Undergrad: 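Dumping the structure here so I can ask a few things about it.
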Amino acid sequence: MRPDLRTQQRDFLLEITRAITAQLDLGEVLRRVLYASLVMLAGRVGVIALSDKQDGKYYVRAYSGISADTVPDLNSKLHELIQTLDEGGFSREFLDSKLREMADAIDARLVQSIAMPLVFANNPLGLLIVFRSYQTAITPEDVNTLQSFADQAAIAVNNAQLYGEIYNERQRLEAIINSSGDGVLILNPDLTIQQANSAFEQMSGWRKEDLAGLPKNEVIVWANLDGADIESALGAGWAQANSQDPQIKTLNVEGDLIRRDGSAVSIGITYAPLMAKEGGLESIIASVRDISSFRKAQEMQSIFISTIHHELRTPIAIIKGYASTLGRDDVDWDREVIREKMAIIEDEADRLTNLVEDLLAASKLQTTRKLRLNLADVDLRLVATRAAARLEDSTTQPIELSFPDNFPLVPGDETRLRQVIDNLLTNAIKYSPAGKSITVGGRFSEKSVTVFVRDQGAGIPKREIDKIFDRFYRIDDNLTRRAQGAGLGLFLAKAIIEAHGGDITVKSQVGSGSTFYFTLPRDAPG
């Protein structure tokens, strides 16, 4: 025996309702609702309009049987309809007239309209309208069936909208977390890793995909740690204290993290608890910062203070000592001794002056990022010759010159360029064994000139080559520790050469010496 039409409708309604409520994609939910509505009501055209949370207006979000060109006009008529309903001007005649206008705007052959509100928990979500090309009576049982379907459809729409909002919020948070320059770890209350971002992946050497579910202390492995980590804080009731205090207190730790490849990086972690509504600990957000540069800056500052203290104290002590000696009343110094000791005082005063000038130049350069140049034609061969003659009197290393006779003039700041050559020659003398010769020379092409200073000293390790032009950097070996200096000479030399539009490089081999080159354009720097 065949089931009657109403049983078929009921079975179909049950089947499509299950299919709709199983969906969380809003577009698919609306498509299925429209399809079911048109089938049940033998409709020709279907429209679903949803309320926009921003402006409260209704907009067509799904349709069947019409073209996209019709949608703007339908939106306008929907706005008039909903606005009148909100103002309390609702009447059956008004509703029918507006539905009639919509039907005419779509197709004059549409003769009947059925509108069903989509309401969830007394919150209007939207409106479902079906247009038919024939007129027929709608019984109370039909209305109940349709309203039951509309209620189920509203539940499905509400669920899909909530899912869409949650998904969008999750995507937004994912984008914020992954675009952060700091590493981010989200930890479960048991300190297993829930999620990590790309910055932490780069910092730690772990792939994000491998981190989920791992214990935190399997990933955060300390080479050394300042203070105690999060485990101790949790054991001491840190999370519970935060649940009682509206002012959330973070936990900060610093130390050296052992990366997955075995290398170490200095990091700081700020832990913040995320408390559940019921008061328990839901998760812990760990913000991880790479503080290697900060620690390096601290170390450099410490080295700088120590070096400057030594560099200032030595000449001051010498000047004071010789001045005190010469001022003694119980000794009658002859003129030659006085001249000798005064020369030493003068040399040490010059050394102090040069150090102070280097410090001021480095400070100004760090602030302005620019050096002012007084440009004129400079004879670098003559500058190098004078520097060699001046320095040879105070060293046991012979200084040889190797310039071609036709070495050209270049546009530049002679005082600054003399400072570069003086610095390179002084460094060569400092780091070369007694008696080993030093060569300063040059070569040129149509577009540039190059000056070099070559020594036969200890050489520079490869790992240090890229660092020697850094401010306050000094190579840490026995020879360097014996040599005087604040680590500013090569930093300033590089800044001066680059201000001239040139570049400065070094070639070196441990045990065989170093050669510094600087190249300048023969045209004036722009």
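Keep in mind that this is a model prediction, so the values were computed, not measured. Heads up: numbering here begins at 1 and tracks the sequence. Any value given below was found using the heavy atoms of this structure, including those in side chains, with hydrogens, waters and symmetry copies removed.
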Undergrad: Salt bridge (charged side-chain N to carboxylate O under 4.0 Å, His left out) with Asp413: which residues, sequence neighbours excluded?
TA: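 If we apply the salt bridge (charged side-chain N to carboxylate O under 4.0 Å, His left out) test to Asp413, skipping adjacent residues, there are no hits.
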Undergrad: Which pair of non-hydrogen atoms, one from Leu125 and one from Ala154, has the smallest distance, and what is that distance?
TA: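 Distance-wise, the nearest heavy atoms are CD1-O, 3.4 Å.
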Undergrad: Check step by step if side chain to side chain contact (heavy atoms under 4.5 Å, CB included) holds for Met203 and Arg259.
TA: CA-CA 8 Å; Met203 203 178 299; Arg259 303 177 75 249; 6.0 Å; no
Undergrad: Does the Ser37 side chain pair with the main chain of Val33, one donor and one acceptor, at a distance under 3.5 Å?
TA: yes
Undergrad: Checking side chain to side chain contact (heavy atoms under 4.5 Å, CB included) for the pair Thr270/Val288: CA distance, chi angles, key distance, verdict?
TA: CA-CA 7 Å; Thr270 299; Val288 188; over 6 Å; no
Undergrad: Could you tell me whether Arg109 atom CZ has more than 12 heavy atoms of other residues or ligands within 6.0 Å of it?
TA: no
Undergrad: Return yes if a side-chain donor-acceptor contact under 3.5 Å exists between Ser292 and Asp290, otherwise no.
TA: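 Yes, side-chain donor-acceptor contact under 3.5 Å.
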Undergrad: Do you know the tightest heavy-atom contact between Leu257 and Ile220?
TA: CD1-CA, 3.7 Å
Undergrad: Where is the tightest heavy-atom contact between Tyr134 and Leu41, given as atom of each residue plus distance?
TA: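 Minimum heavy-atom contact is OH-O, 3.6 Å.
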Undergrad: State which residues pass side chain to side chain contact (heavy atoms under 4.5 Å, CB included) with Pro215; sequence neighbours excluded, sorted by chain then number.
TA: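 Checked Pro215 against side chain to side chain contact (heavy atoms under 4.5 Å, CB included); matches are Asn217, Glu218.
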Undergrad: Sequence neighbours excluded and cut-off under 3.5 Å, please list the side-chain donor-acceptor pairs for residues 116-124, or say none.
TA:
none

Undergrad: Grab the two heavy atoms, one from Tyr63 and one from Ala68, that are nearest each other, plus how far apart they are.
TA: OH-CB, 3.5 Å
Undergrad: Would you please name every residue forming a side chain to side chain donor-acceptor pair (under 3.5 Å) with Gln161, sequence neighbours left out?
TA: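 Expected list: none.
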Undergrad: Let me see the working for Gln195 and Leu185 under side chain to side chain contact (heavy atoms under 4.5 Å, CB included), right down to the final yes or no.
TA: CA-CA 6 Å; Gln195 188 179 350; Leu185 279 179; over 6 Å; no
Undergrad: Would you say the side chains of Asn423 and Gln419 form a donor-acceptor pair under 3.5 Å?
TA: no
Undergrad: Show your working on salt bridge (charged side-chain N to carboxylate O under 4.0 Å, His left out) between Asp96 and Arg100 and close with a plain yes or no.
TA: CA-CA 6 Å; Asp96 288 341; Arg100 178 70 261 160; over 6 Å; no
Undergrad: Checking Glu201 now: which residues fulfil side chain to side chain donor-acceptor pair (under 3.5 Å) with it, not counting sequence neighbours?
TA: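 Residues passing side chain to side chain donor-acceptor pair (under 3.5 Å) with Glu201: none at all.
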Undergrad: Please determine whether side chain to side chain contact (heavy atoms under 4.5 Å, CB included) holds for the pair Phe200 and Leu211, giving the CA-CA distance in whole Å, both sets of side-chain angles, and the decisive distance to 0.1 Å.
TA: CA-CA 10 Å; Phe200 183 79; Leu211 287 170; 3.9 Å; yes
Undergrad: Run the salt-bridge test on Arg522 and Glu446 with the 4.0 Å N-O cut-off and return the result as yes or no.
TA: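 The answer is no: the pair does not qualify as a salt bridge.
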Undergrad: What is the minimum heavy-atom distance between Pro521 and Pro411, and which atoms define it?
TA: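 Minimum heavy-atom contact is O-CD, 4.1 Å.
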Undergrad: Restricting to salt bridge (charged side-chain N to carboxylate O under 4.0 Å, His left out), what partner residues turn up for Lys208, sequence neighbours left out?
TA: none
Undergrad: Could you go through the salt bridge (charged side-chain N to carboxylate O under 4.0 Å, His left out) check for Lys77 and Glu80 one step at a time?
TA: CA-CA 5 Å; Lys77 288 180 168 51; Glu80 293 175 11; over 6 Å; no
Undergrad: Knowing that exactly one of Thr250, Asn252, Asp229 qualifies, which makes a side-chain hydrogen bond (donor to acceptor under 3.5 Å, both in side chains) with Tyr271?
TA: Asp229
Undergrad: How close do Gly183 and Asn197 get, heavy atom to heavy atom, and via which atoms?
TA: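 Answer, listing the atom of Gly183 first, then Asn197: CA-OD1, 3.4 Å.
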Undergrad: Would you say that Arg132 contacts Val111 through its side chain, given a criterion of any heavy-atom pair below 4.5 Å between the two side chains?
TA: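 No; the side chains remain at least 4.5 Å from each other.
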Undergrad: Could you list the residues that satisfy side chain to side chain donor-acceptor pair (under 3.5 Å) with Tyr59, not counting sequence neighbours?
TA: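 Result, side chain to side chain donor-acceptor pair (under 3.5 Å) vs Tyr59: Asp55.
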Undergrad: Output all residues satisfying salt bridge (charged side-chain N to carboxylate O under 4.0 Å, His left out) with Arg31, sequence neighbours left out; order by chain, then residue number.
TA: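 Partners of Arg31 by the salt bridge (charged side-chain N to carboxylate O under 4.0 Å, His left out) criterion, ordered by chain and then number, come out as Glu28.
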Undergrad: How far apart are the C-alpha atoms of Lys447 and Asp523, what are their side-chain angles, what is the distance that settles it, and do they pass the salt bridge (charged side-chain N to carboxylate O under 4.0 Å, His left out) test?
TA: CA-CA 7 Å; Lys447 293 185 177 180; Asp523 296 329; over 6 Å; no
Undergrad: In chain order, what residues pass the side chain to side chain contact (heavy atoms under 4.5 Å, CB included) check against Leu34, with sequence neighbours excluded?
TA: Ile48, Ala62, Ser64, Leu128
Undergrad: Taking only distance into account, with no hydrogens and no angle test, what donor-acceptor pairs under 3.5 Å do side-chain atoms of residues 501-509 form with protein atoms, sequence neighbours excluded?
TA:
residue	atom	partner	partner atom	Å
Ser508	OG	Ile460	N	2.7
Ser508	OG	Gly513	O	3.3
Ser508	OG	Ser514	OG	2.7

Undergrad: Which residues pass the salt bridge (charged side-chain N to carboxylate O under 4.0 Å, His left out) test with Glu282, sequence neighbours left out?
TA: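 Counting only residues at least two positions away or on another chain, Glu282 forms no salt bridge (charged side-chain N to carboxylate O under 4.0 Å, His left out).
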Undergrad: Who pairs with Asn75 by side chain to side chain donor-acceptor pair (under 3.5 Å), at least two apart in sequence or on another chain?
TA: none
Undergrad: Tell me whether the count of non-hydrogen atoms from other residues, nucleotides or ligands lying under 6.0 Å of NZ in Lys494 goes above 12.
TA: no
Undergrad: If you measure only the distance, is there a donor-acceptor pair under 3.5 Å linking the side chains of Thr519 and Ser448?
TA: no
Undergrad: Do NZ/NE/NH1/NH2 and the carboxylate oxygens of Arg32 and Asp25 come within less than 4.0 Å?
TA: no
